[in-house]
S.K.: 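Structure below; questions to follow.
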There are 2 protein chains.
Amino acid sequence: MARLPVYLRALTALVDQGISTCSSNDLAAAAGVNPAKLRKDLSYLGSYGTRGVGYDVEYLRYQIARELGQTQDWDVVIVGVGHLGSALSAYRGFSTRGIRIAALVDSDPERIGTEVAGVTVAPMADLESIVREHGIAIAVIATPGEAAQGVADALVSAGVTSILNFAPAIVTVPEGVAVRKVDLSIELQILAYHEQRRSAEAPGGGAGPWAADGEVSL
Amino acid sequence: MARLPVYLRALTALVDQGISTCSSNDLAAAAGVNPAKLRKDLSYLGSYGTRGVGYDVEYLRYQIARELGQTQDWDVVIVGVGHLGSALSAYRGFSTRGIRIAALVDSDPERIGTEVAGVTVAPMADLESIVREHGIAIAVIATPGEAAQGVADALVSAGVTSILNFAPAIVTVPEGVAVRKVDLSIELQILAYHEQRRSAEAPGGGAGPWAADGEVSL
DNA sequence: AGGATTTTGTTCTCACGTTCACAAGCTCTT
DNA sequence: AAGAGCTTGTGAACGTGAGAACAAAATCCT
């Protein structure tokens, strides 16, 4: 489930507060979800809670971390070292969550050889050997949209099986390769759309099929 | 719907290719969705296609842009000018999609007064006047997690009604305020989770309730 | 002009995810 | 030791979204 990392973060926050035990209500509140949903999610992992008591924070945290594969560090390569790629390279949130930026790759000769966040930028030609050498399974695409599909193809053929795509383009990959897409401008456009509807419907107060759509926070 | 911006991008790509008419099949392929879903989504906007022919690319593009509120430019303020905030400020994808970075705000005295991507960084104290002056409805939080809730409160009280939150924290806001969350490390953790399951189940080929989960691309 | 063909708009069905509600089980008090 | 009080785990209803299938409509060909 895609919510496991959220729970993990909430649990880590509880650990930092020195809390050693929590109920599903507490944890659900911290994670911003429904308690029943939380319990059902956790029940898929196994019965790690005790009825009448709640969950042992540290123990549950470890179990989720294990389920997420966070007992090991995952080496990741970032392709595209523009503004966004650089920001990602320097992002501190990764290292504490089992993600290690093992390599940076770019096609711009100006950037190749420079050092970003302690890692030297390698040329695209080295991609395959880098992936093989580090045993990299996960890659990040932070290139312009036009380059994304080509980069994805190269990544897949080098052996990468999971891709996080920040480029504004739809990339298609063979079956068995996981792709997640984060599109910064689309997120803002969605918010602009809400604002648009808000200002358009404020006078009329019309109904329309748009009224309830679940994205407006509670 | 959250897919409208995706359709808009696909349509823009078609315009660039000089294509003036397209069927729901073509557009759905370009957007990476099911044709039936696409038609259903578009039908909510109105009947902008002609049966037996398809959609007029330029006309449909305008209609979606209008629905998204992209006929006007939306002024946005970014709070937190670290690596990520700077990268967002410099992101070129915004301006072509009706998003204008009108102001940057940070609490670090070192950063206040510096210029990033052509905009001078303002102190937090100026937030309210900035929002009021530009009529800003949409804000981006790119601060560390600890600061996120405080910033969100300040934004809401200044009059912002839509927030895009990049900080690794759950922010709660009053009803009527829209929040979208983008969490970079969670995206990678989800991919790591897929890899974890892949390597864990590769030998056993076990079933489990996790087998089908729709996030692995086709 | 009339039918064949194509493609939209819509209805219907289905499956998934979410939520409610309750039984099972643990702890603490008396 | 037995019951009262919580809290988990799960079975059942609910609502929502996705996909298939079909009818309406426009064009093209004969």
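Just so it is clear: chains get the letters A, B, ... in the order the sequence lines come, proteins before strands, and each one is counted from 1.
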S.K.: For residues 137-151 of chain A, please give each side-chain donor-acceptor pair under 3.5 Å, one per line with the distance, not counting sequence neighbours.
M.R.:
{"residue": "A:Gln149", "atom": "OE1", "partner": "A:Thr172", "partner atom": "N", "Å": "3.0"}
{"residue": "A:Gln149", "atom": "NE2", "partner": "A:Asp153", "partner atom": "OD1", "Å": "2.9"}
{"residue": "A:Gln149", "atom": "NE2", "partner": "A:Thr172", "partner atom": "O", "Å": "3.0"}

S.K.: Spell out protein contact along nucleotides 3-12 of chain D as letters: B when the base is contacted, S when just the sugar-phosphate is, - when no protein heavy atom is under 4.0 Å; keep the 5' to 3' order.
M.R.: ---BBBBBBB
S.K.: Find the distance B:Leu38:CG to C:dT10:P and express it as a whole number of Å.
M.R.: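 Going from B:Leu38 (CG) to C:dT10 (P), I get 14 Å.
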S.K.: Taking salt bridge (charged side-chain N to carboxylate O under 4.0 Å, His left out) as the test, write out the residues that go with A:Lys37, two or more places apart.
M.R.: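 Scan of A:Lys37 (salt bridge (charged side-chain N to carboxylate O under 4.0 Å, His left out), adjacent residues dropped) gives none.
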S.K.: Whole Å only: how far is the NZ atom of B:Lys37 from the P atom of C:dG9?
M.R.: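 These atoms are roughly 18 Å apart.
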S.K.: For D:dA20 and B:Asn34 - does any side-chain N or O of the residue sit under 4.0 Å from the phosphate oxygens OP1/OP2?
M.R.: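 For D:dA20, OP1/OP2 do have a side-chain N/O of B:Asn34 under 4.0 Å.
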S.K.: Looking at residues at least two apart in the chain, or sitting in another chain, which of them share a side chain to side chain donor-acceptor pair (under 3.5 Å) with B:Arg3?
M.R.: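 For B:Arg3 the side chain to side chain donor-acceptor pair (under 3.5 Å) partners, ignoring immediate neighbours, are B:Tyr7, B:Asp41.
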S.K.: If the condition is side chain to side chain donor-acceptor pair (under 3.5 Å), which residues does A:Lys40 pass it with, not counting sequence neighbours?
M.R.: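 Not a single residue meets the side chain to side chain donor-acceptor pair (under 3.5 Å) criterion with A:Lys40.
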S.K.: Mind listing the side-chain donor-acceptor pairs of residues 17-24 of chain A below 3.5 Å, one per line with the distance, residues two or more places apart or on another chain?
M.R.:
{"residue": "A:Ser23", "atom": "OG", "partner": "A:Asn25", "partner atom": "N", "Å": "3.3"}
{"residue": "A:Ser23", "atom": "OG", "partner": "A:Asp26", "partner atom": "N", "Å": "3.3"}
{"residue": "A:Ser23", "atom": "OG", "partner": "A:Asp26", "partner atom": "OD1", "Å": "3.4"}
{"residue": "A:Ser23", "atom": "OG", "partner": "A:Asp26", "partner atom": "OD2", "Å": "3.3"}
{"residue": "A:Ser24", "atom": "OG", "partner": "A:Arg39", "partner atom": "NH1", "Å": "3.0"}

S.K.: Check the distance between D:dT16's C1' and B:Met1's CE and give it to me in whole angstrom.
M.R.: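 Roughly 10 Å, once rounded to whole Å.
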S.K.: Measure the distance from CG on B:Leu45 to C1' on C:dG9 and round it to the nearest whole Å.
M.R.: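 It works out to 13 Å between those atoms.
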S.K.: Looking only at the aromatic ring of each residue, does the gap between the centers of A:Tyr91 and A:Phe94 stay below 6.0 angstrom?
M.R.: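 Centroid distance A:Phe94-A:Tyr91: below 6.0 Å, so yes.
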